Each structure stands twice: as structure tokens, then as C-alpha cells.
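In the text below, chain A, chain B and the rest are named by the order of the sequence lines, each starting its count at 1. Bear in mind the structure is a predicted one, so any value in this text is a computation, not a measurement.
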Amino acid sequence: MTEAAQVPTEAAGADLLLRAHDLKRYFDVSPPFLNRVIERLPRAIVKAVDGVSFDIGRGETFSLVGESGCGKSTVARLVVGLYQPTAGGITFDGIDVAGQTAAEARQNVQSRMQMIFQDPYASLNPRWRVANIVAEPIRARGLLPSNREVKARVGELLTQVGLSPADSEKYPHEFSGGQRQRISIARALAGSPDFLVCDEPTSALDVSVQAQILNLMKELQRQYHLTYLFISHDLAVVYHVSTTVGVMYLGRLVEWAPTQTLFNQPRHPYTRMLLDAIPDLEMTGRQRIPVAGEVPSPINPPSGCPFHPRCPHADDRCRAEMPTAHATGDSHVACHAVDDGRLS
Amino acid sequence: MTTAPANQPLLEIRNLRIEFPTRRGILVAVDDISLHIDPGEILGVVGESGAGKSLTGAAVIGLLEPPGRIADGQIILEGGRIDNLPYEEMRKIRGRRIGAIFQDPLTSLNPLYSVSRQLVETIQTHLPLSERQARARALELLQEVGIPGAEERIDHYPHQFSGGMRQRVVIALALCAEPRLIIADEPTTALDVSIQAQIISLLKRLCKDHQTAVMLVTHDMGVIAEAADRVAVMYSGRIAEVGPVQDVVRRAKHPYTHGLMGSIPHIGHAVAKLTQIEGSMPRLQEIPPGCPFNPRCPEADGRCRAERPELQWIENTEVACHRFDAPEARSQAGD
Ligand SMILES: Nc1ncnc2c1ncn2[C@@H]1O[C@H](COP(=O)(O)OP(=O)(O)OP(=O)(O)O)[C@@H](O)[C@H]1O
Ligand SMILES: Nc1ncnc2c1ncn2[C@@H]1O[C@H](COP(=O)(O)OP(=O)(O)OP(=O)(O)O)[C@@H](O)[C@H]1O
Ligand code: SF4
Ligand SMILES: [Mg+2]
Ligand SMILES: [Mg+2]
């Protein structure tokens, strides 16, 4: 099959909101030129994202999971325009927002996309009152004419995220971690976006606080028909929030499927391995199957299938040839063993 | 060194109280907690951020940072008090009888020294071994914690190892003198689930093989469910509930533990909404009288707001909750 076959098609109907097509982002992490010459060090390129395609339907939650360094945050940053892609395209509501001539289009849709980060403290200006933090996107785009209206809107937003209008006079340090994440969400909602990119939004929070934030995010999604690109390394959280899940490994999507399918019938050996590694509350005392090996360096990725050094099903073809994603049932899987029928 | 008689716990914490004197009065961060750990046992300590987990661990290894201080209580290791020892004596116990593993392996390793040098030095500090013997022991330890190709890698520097490998090196360092007790404070929090599983199964194996006891501090219930024999749930510097992991995880009795378990998403149980404990844990200066959980508790009544609940035995666990005081409440204990 061709590369184009990698684009999932289920969500591609009228409801398509965001499409990433064969996205790539490389980083040059070479030592300085002189060192390279003197110490004869080679150029080093990190292929942080290397050919990722996915579709997100309106009102859905598409999640990316995978081990540290597999490229999840880089995808998030590409989608919201914080990074330019090395290659590939992104369309938002049918508009090309990543091409060479897309700067203007990006401007126009920017207010419809917002990002929520992992560390709610680092992403809030400590010297600003909450009122100004939340009002910033409103003021920056001149969405409301008077200060009085801005203030009313800020009060409304704070109420929506479970804080009170009186909190607008306080500074970020006066809040707990969960409350700070609520402030980030209020700010993200200020410009009435329809698409939120959430990069590990609850990873720095206690589970009880995480539950509050996840409930809030789901409620807001239902109320405003929001679409989420959700990133987490916690598979149980992903199970809870997602419509569709994509599993990344070394800059590539190795499998994507509707949530229930992915968790009930994982196909890619890496997905199976990740699911086996989850500590399970239900099965106290169960011996987890420890995953062999660790993620290889993205600077010198293995030949063939990037997962082959850790894969119990690898054969010669896996060591030589990069698998492309094919549809099996409602999953898409990039694995030779699945293609060859060695693994169902 | 005395070996503990069979019926004596390896570690006993009695009525520990840790305070921070401040200009505006004394803050009580750990308030009258008692715990014990048996040889070969893994005791999990869970709770929200700020509950006092790390302070409790730090008090045991004698690494409380001033102005924090033990204001009351005793810490007893193999029958002898260690909370009132002079600094030098405590330093000897640390490393020799109690090992420590922290969240960030980089803070426990010196980036300028090779792994072999750090291991050999630590071994020689605690055991009367020659350089060659110590090096052989270091190699053995690296093999034991599962560093592949340990012979080639022993002279590498920490930055040449991946995160999971570094954490294994830290565990090897903690094991140098075959301590009886290991304090592991969030040892897997910075690691991916796949590596986490490797570290947890390593810890479990070490406990079994050497009868080492572990105090495993973490906020990750999954890790606890998998690794711990018993678990203590902390809230606002106190123990809310402590008991066998099966009982606490599956039949949580304290309303806080109950809420906590419900707030964790489970694969395979699709729910529209997670159980939500309203509000947040109070700051130290705002801990309410009575039960510290009372403002958030769906079961709280007048007594909860006035009187501090003490731990009491309910079936296999100890619970600090007034719900279990009255006989009519006791009949609901199984729900
Ligand atoms: N600005 C950059 N310059 C150089 N390399 C980068 C840059 N950003 C990311 N990388 C590299 O790209 C790879 C993917 O990083 P990314 O942050 O996307 O991973 P991630 O999946 O979000 O990981 P984590 O779970 O740890 O957040 C990593 O190897 C990272 O070191
Ligand atoms: N130097 C200090 N001065 C004042 N209070 C302190 C100091 N160090 C710690 N505390 C307080 O003691 C309490 C317990 O802290 P501790 O580090 O034991 O929490 P923890 O349960 O380990 O939390 P976490 O999960 O965030 O690591 C916290 O409320 C903390 O703010
Ligand atoms: S003592 Fe009262 S307030 Fe505290 S947990 Fe029990 S019922 Fe709730
Ligand atoms: Mg990331
Ligand atoms: Mg801590």
C-alpha cells in the first residue's frame, strides 16, 4: 500500500476538524561545527516526528500515548503552530495551516485552537493577577469592547471551571496545583476555541485532583462541543477520555484505533507490551510482564521496524524493512507480523 | 548489631510528630503517626501531595532538613532507637542498615564520577573490603539489578545511562551494604510504565531474596497495588487507614480512601464521570479541628468537626474515622 493509505478514513466525513498528513519534524542536534571538524563527530538529526498522519473529527478526543521521547509533545506543538513542520501538512477545518503560504491562514484559525500544558505553574505568569491571565487572549484579539465586559466574561469563565469570580484578584501562587490547572483551562477557553491541545494536563496532579480536572474537561467538551488532542503517558486516563487512540513509537504512529478496539484488541506488539506493563488495581499481586529493553535513541533509530530490537515477533523482514500502516478491522497497524498473519 | 527476634518488627515508628517552627507559629506536618514494617515486607505509603509522606521517610533515615524537626515520638530500628542518635552514628546507619532511593536518580549520582568509583567508594565506606574485592562486589550488584553488559558499563558515567538504567544504579548503590531497610521515595515516578514495571519487579525480588524491608513512598496507587504487602494512606500528616493492600484497595473503609480509589480511571470500566472528592487537602496552617478530612467528607457530622478520630481496628485494617465508632455505623463497614 502507498503512504497515502496511512490516512485513517473513518473520521474523514463531513465532521473532520483536523487532519495531519505525513507530518515530520526533525531537529538538528549536531555538535558545533568546529567540534564536528576537530573531533570528527557526525551531524546528528533527531527525527522527533517522522511521518505521522491522523484525523480528528469534530467533538472527538484523539489521544496520543507512548513512552517518553516518542514525539507526543512535538506533534502537539506542530498542531498549534509552535513548530513548523519539516515536511507534511496540517489542515484545520479544511484550511491548510502548515504549508509555506499558510502564515495568514494560521493567524485566522489561531484563536480557535488553544493549548493546555502539563505544568500549570510554569505556564501562568506569576506576577499577573488571575483576572489578567484569563483576560489575556480576550484582550489580545480585541474580542470584547469594554473592560467591564471583559471582567464579566472572566468571572463567567472562572465560574465555569469551578473557581469563583472573586479569585480573579489573586495571584497564581495562592492556588493549589489543581486550581492552577483550572485557571489555565479558563484562559484556554477565553477565546471560545473549538479545539484544545492538552499536553499531559493532569500528569503533575494528584489522582483525586486529576479526577476533578478530567470531569471538568469532559463536561466542557459536552457543553461546547469541543475537540481535543489529548496527550498522556497514562493509559488509564487515555482510556477514560478518548474516542480514538494513537500509539507512538520513535516518532511514528504504530497503531491507531477506536478506544475500545485498541484496549480490547491491541494488535501491534508494542501496544500489547504497553498494556501488559500497566499496574492494575484490580489484580493486586499480579506479576506484570516487564517490558524488555528501552526506547532506542531517536538519533540512531534501528533499521527496519523501529521496534524490532524489543519485539518478540521480529524476523529478518522486520530488521530490514520499515512497515507501513494498514487497516485491519477498525484498527490501523504498522507491523509486518500482523501483515504476514503471524500475529492476529 | 542485634538481629530482631521473630515477633519484633524491623522498623517501628511510634507517635511521630514533625514540626516546622515559623514566625507565625508552629506548623505540624506529621501529626502523631505510628507504623511498623516487618522484615522482607514492602509497606506502601500513599497520599496527596503534601500529606507528609516524604517527611516521614526523611525522619527515618535522619535526613529531615531544618527547620523541620522531630518534636515527639520514637523511631526504632531492630529494637534500638535511632531518632535521637548523634549525627555521626546516624550517618553510619544510613547506607549500612538503611538504604535510600529517591525519585530523581541524577540527584543521587555524582555526574563527575564513574559508576564503578561511586559503588566502590560506598562499599568501602561500609564494608572492610579491598579495592579489588569492592570492585567485584560492585559488578555483582550491577548484574543483580539487571544492567546488561555490566562488565563493559561499570566504568561509564551516569549520563551514559538511560533513566531506567540510572535508577537501577541508584538501587545498586542503596544495596551496597545489604541494608535491612530501604526507603524508596517515588522511585518510579520519573520513569515510563515499561521501565517502572522493571524497577518494581526488581524491588520485589530483592525483598524476597534478602528479606530486605521497603518503605515505598508514592502517590501511584497502581504501583502500590502491585508491589506492596500493606499500605498506609496518609492525609494531612496523619494516617487515615492502614492495612493489607487487598483490603485497602478493594474494600477501602475510610471515606478518603474510598474517594481516592473511585477517582482513579480503570481500563475496562468505562464511566462517564469519575468519583470526585470536592475541594483539596488543606494547607498546614488551615487543618481543621476534628477529622482533617471533614470539610470534604460526604459522611461528616458534628463529632467529625470536633473530635479527632483515632486509628481503630476494623476487620483487617486500622481506620481513623468516626463512622466506625457507633455500633450502627459499624454494620455498614462492608459497603
Ligand atoms: N527543540 C528540540 N530540539 C532538539 N530535540 C528535540 C526538541 N524537542 C524535542 N526534541 C527531541 O525529540 C524527541 C521527541 O520529544 P517530545 O518532547 O516530542 O517527546 P514526548 O513524547 O513528548 O516525551 P515526554 O513523554 O517525555 O514528554 C526527543 O528525543 C526529544 O529529545
Ligand atoms: N521546610 C519546610 N517548611 C515548611 N513546611 C514544609 C517544609 N518542608 C515541607 N513542608 C510541608 O510539610 C508537608 C509535608 O511535606 P512532604 O514533603 O512530606 O509531602 P509529601 O506527602 O511527600 O508530598 P509529595 O507527594 O508532594 O512529595 C507539606 O505541607 C509541606 O509543605
Ligand atoms: S471521621 Fe468523619 S469526616 Fe473524617 S472521614 Fe470519617 S466520616 Fe468523614
Ligand atoms: Mg511531552
Ligand atoms: Mg514527597
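- Heavy-atom distances place no part of A:Tyr270 under 4.5 Å from chain B, backbone and side chain included.
- Residues passing the salt bridge (Lys or Arg N to Asp or Glu O under 4.0 Å) test with B:Arg238, sequence neighbours excluded: B:Asp31.
- With sequence neighbours left out, A:Glu219 forms a salt bridge (Lys or Arg N to Asp or Glu O under 4.0 Å) with A:Arg222.
- Remark: B:Asp247 engages B:Pro244, B:Arg251, B:Asn316, B:Thr317 in a side-chain contact (heavy atoms from CB on, under 4.5 Å) (not counting sequence neighbours).
- Ranked by non-hydrogen atom pairs under 4.5 Å with chain A, the options B:Ile267, B:Ile277, B:Val271 are led by B:Ile267.
- Remark: B:Leu260 CG to A:Asp206 CG distance equals 8.5 Å, nearest 0.5 Å.
- Of the two parts of B:Ala227, neither the backbone nor the side chain holds a non-hydrogen atom closer than 4.5 Å to a non-hydrogen atom of chain A.
- A:Gln212 contributes a side-chain N or O that, together with a main-chain N or O of B:Gly279, makes up a donor-acceptor pair within less than 3.5 Å.
- Put simply, CD1 on B:Ile264 and CD on A:Gln210 are 9.0 Å apart, with the number rounded to the nearest 0.5 Å.
- Under the 3.5 Å distance criterion, the side-chain polar atoms of A:Asn215 are left unmatched by any main-chain donor or acceptor of B:Lys273.
- Put simply, OH on A:Tyr239 and NE2 on B:His269 are 8.0 Å apart, with the number rounded to the nearest 0.5 Å.
- Within residues 230-237 of chain A, the residues approaching chain B closer than 4.5 Å by heavy atoms are, in numerical order, A:Leu235, A:Ala236, A:Val237.
- Between the side chains of A:Ser208 and B:Glu48, at least one donor N or O sits under 3.5 Å from an acceptor N or O.
- Counting heavy-atom pairs closer than 4.5 Å to chain A, the top residue among B:Gly50, B:Gly259, B:Ser280, B:Ala272 is B:Ala272.
- Proximity of B:Met221 to A:Val207: side-chain heavy atoms (C-beta onward) are nowhere separated by under 4.5 Å.
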